[in-house]
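Whatever order the structure lists them in is the order used to number ligands and atoms, beginning at 1. Quantities reported herein were computed from a predicted structural model and do not represent experimental measurements. Worth knowing before you read on, the calculation uses all heavy atoms, side chains too, and leaves out hydrogens, waters and symmetry mates. Nothing fancy with the numbering, it's 1 onward along the sequence.
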Amino acid sequence: MKTIPFKNSYFDLGSAFYQSITPSSVRNPQLIVYNETLGDELGLAETALNASAGVSIFAGNQVPEGAAPLAMAYSGHQFGQFNPNLGDGRAILLGQIVTPSGHSKDLHLKGTGQTAFSRNGDGRAALGPVLREYLVSEAMARLGVPTTRALAAVTTGEKVIRDRVLPGAIITRVAASFVRIGTFEHFRARGDQASLLRLADYVIEHHYPDLKESVNPYLSLLESVIEGQASLIARWMQLGFIHGVMNTDNMSILCETIDYGPCAFLDHYTHDQVFSSIDHYGRYAYNNQPKIGLWNLSRFAECLLDLIDQDTAVAVDIAKDRLEGFVHSYQKHWLTGMRAKLGLHSEYDQDQGLIEELLDIMANDEADFTQTFYQLSSLGLEPSNDQLMLALFDDAEAITHWIAKWRQRLRHEGTADRERHTLMHQVNPAYIPRNHLIEAAIRAAEDSGDFSVFHALRQVLQKPYEHQPGAEAYLQPPQPHQIVHRTFCGT
Ligand code: AMP
Ligand code: MG
């Protein structure tokens with residue numbers, strides 16, 4: 001058996017950054033799923049982490065050779081309030097591995113028992129949230145959105161107590177890094193400038209090596225994270241994704257979607273949609289996500305001020321300027337992506353108005369977000385077979401008028417129907433992890449130990465942009481009785 005290529009660079013940062021800890025064992029671990037494609041990509045085939053051979057590792061019952069497990073320390077702004085004492089309360093970083101393509105990846109187990117950061121939590125995860133994170137993170141990857149990945153999930157054979165007694169589970173996830181904005185805030189709050197510098201150097205060294213050459217690498221780091229988050233959040237918006245808990249401790253320095261909790265996708269389009277049961281004031285509503293992204297990035301910029309310039313006033317001015325850049329960058333990414341969703345590749349001033357008009361009509365007529373763009377992708381330049389599209393809207397009048405305008409605009413593109421259909425279907429998914437489909441997968445697993453619904457959904461979501469004969473049920477918006485109104489983080 002090959003050894004797992006651990007290098008444990010985070011461990012080398014020293015004990016201010018984490019608590020060294022061995023995962024607690026569980027009674028009877030059983031494999032739910034192993035992501036073979038990802039495992040192979042990471043070079044884990046023929047190692048102790050391969051499929052069923054890895055169950056005891058995925059369950060935390062065995063620490064793989066070469067790993068130096070630890071719970072990362074961090075702080076963070078939760079719903080706008082600073083909490084200085086967070087950290088991995090129920091997750092353990094096994095270490096960094098080097099993939100065959102030379103990239104460093106963090107291997108993380110979530111649900112492996114209490115750590116120094118657990119406060120009153122049990123350090124465990126319930127099956128439902130584990131299945132949700134597996135499905136949504138892997139779907140995001142296939143949709144082309146930067147995200148942590150899911151390598152495996154196991155049941156523990158133990159119960160966890162939430163509002164009721166639930167089966168316990170553990171997910172193994174993989175990220176470029178689990179360093180968050182909150183990790184930087186942790187050292188800033190403690191006035192530990194030396195550790196802050198070590199952290200920034202670590203991130204640059206391992207994840208943004210090109211920045212080492214720049215005149216001011218720390219400013220370049222801020223710029224890169226601003227740009228990466230602008231692009232990421234634009235991708236979320238284009239897919240109708242709502243993260244649900246955009247606390248600064250849930251925002252990656254590597255600009256991947258991390259910490260899937262009460263996340264959800266829009267069904268019918270509502271610009272200020274909230275699903276999360278803990279988001280009482282709509283802070284993390286769909287349309288607030290870009291604004292919150294900027295707010296979080298401002299907290300990140302504060303951490304870097306002393307590294308950007310010794311003169312704080314100068315550093316503040318520079319940081320403000322770059323943060324203003326977020327708005328332009330986000331807008332550019334959003335507009336480019338939305339144009340593509342409409343089949344537009346040339347740029348006209350009125351495009352933004354055309355996009356916004358469509359969104360307004362969708363909101364008024366309760367049109368399904370994903371289906372609207374999916375059906376639009378099959379419309380021709382000449383009116384014919386428009387019924388499937390029109391049927392998505394409560395009232396056909398406004399959308400009929402809009403489609404006529406859109407067809408006018410398409411005449412400036414000069415693309416043939418077939419070519420445009422292909423391009424549009426590459427950006428407008430047929431299948432997303434719809435809330436009611438996830439709910440059905442969780443119900444079957446939780447209530448009757450039946451994972452077939454989960455596996456079937458997982459399969460469909462591997463090819464979100466391809467029409468899959470026989471998978472029609474997965475295209476459909478929920479029936480009224482299937483609508484999920486609230487999602488829970490399940491912690
Ligand atoms: P989250 O909302 O998942 O981002 O979690 C916020 C913080 O609470 C993180 O520091 C988690 O590690 C911690 N936490 C969440 N759930 C638990 C749990 N069941 N036991 C211990 N800590 C937890
Ligand atoms: Mg978190």
| query | Would the number of heavy atoms belonging to other residues, nucleotides or ligands and lying under 6.0 Å from OH of Tyr208 be above 12? | reply | yes
Quick note on ligand 1: atoms under 4.0 Å from a heavy atom of Asn250 include exactly 4 (O)
* Any N/O pair Gly87/ligand 1 closer than 3.5 Å -> yes
Atoms of ligand 1 under 4.0 Å from any heavy atom of Gly121, numbered from 1 in the order shown, are 20 (N), 21 (C)
Using a distance threshold of 2.8 Å, state whether an N, O or S atom of Asn247 lies below it from the Mg ion (ligand 2).
no
Checklist entry - Does the pair Arg188/Glu185 count as a salt bridge with the N-to-O cut at 4.0 Å? => result no
Near Arg162 (heavy-atom distance under 4.0 Å), the atoms of ligand 1 are 19 (N)
| Does the Asp106 side chain pair with the main chain of Gln96, one donor and one acceptor, at a distance under 3.5 Å? | no
Is a salt bridge present between Glu138 and Arg458, judged by a nitrogen-to-oxygen distance below 4.0 Å? no
Contact region, Tyr74 to ligand 1, non-hydrogen atoms below 4.0 Å, reads side chain
The Mg ion (ligand 2) -> Asp259, closest N, O or S atom is OD2
Of Ile258, Asp122, Val160, the one whose closest heavy atom lies nearest atom 19 (N) of ligand 1 is Asp122
Any heavy atom of Arg119 under 4.0 Å from ligand 1? The part involved is side chain
Quick look: Asn247 vs ligand 1, heavy-atom contacts under 4.0 Å, and the answer is neither
May I ask you to check if ligand 1 and Leu86 share an N or O to N or O distance below 3.5 Å?
no
| message | I'd like to know whether ligand 1 has Ala91 as a neighbour, heavy-atom separation below 4.0 Å. | response | no
- Taking the six-membered ring of Trp295, is NZ or CZ of Arg283 closer than 6.0 Å to its centre and within 45° of its axis? yes
| message | Regarding Asp447 and Arg443, does a basic nitrogen lie under 4.0 Å from an acidic carboxylate oxygen? | response | yes
### Task
Indicate yes or no: does Lys110 engage Glu133 in a salt bridge with an N to O separation below 4.0 Å.
yes
Between Lys212 and Asp201, does any NZ, NE, NH1 or NH2 come within less than 4.0 Å of an OD or OE carboxylate oxygen?
no
Closest to atom 22 (N) of ligand 1 by heavy-atom distance, out of Pro262, Gly261, Ala126, Gly89, is Gly89
Item to check | Salt bridge flag under 4.0 Å for residues Asp12 and Arg198 | outcome: no
So the atoms of ligand 1 within less than 4.0 Å of a heavy atom of Asp88 turn out to be 12 (O)
> Would you say the side-chain atoms of Asn247 pair up with the backbone N or O of Phe79, donor to acceptor, closer than 3.5 Å?
Replying inline: yes
Under 4.0 Å from one or more heavy atoms of Gly123, ligand 1 contributes atoms 18 (C), 19 (N), 20 (N), 21 (C)
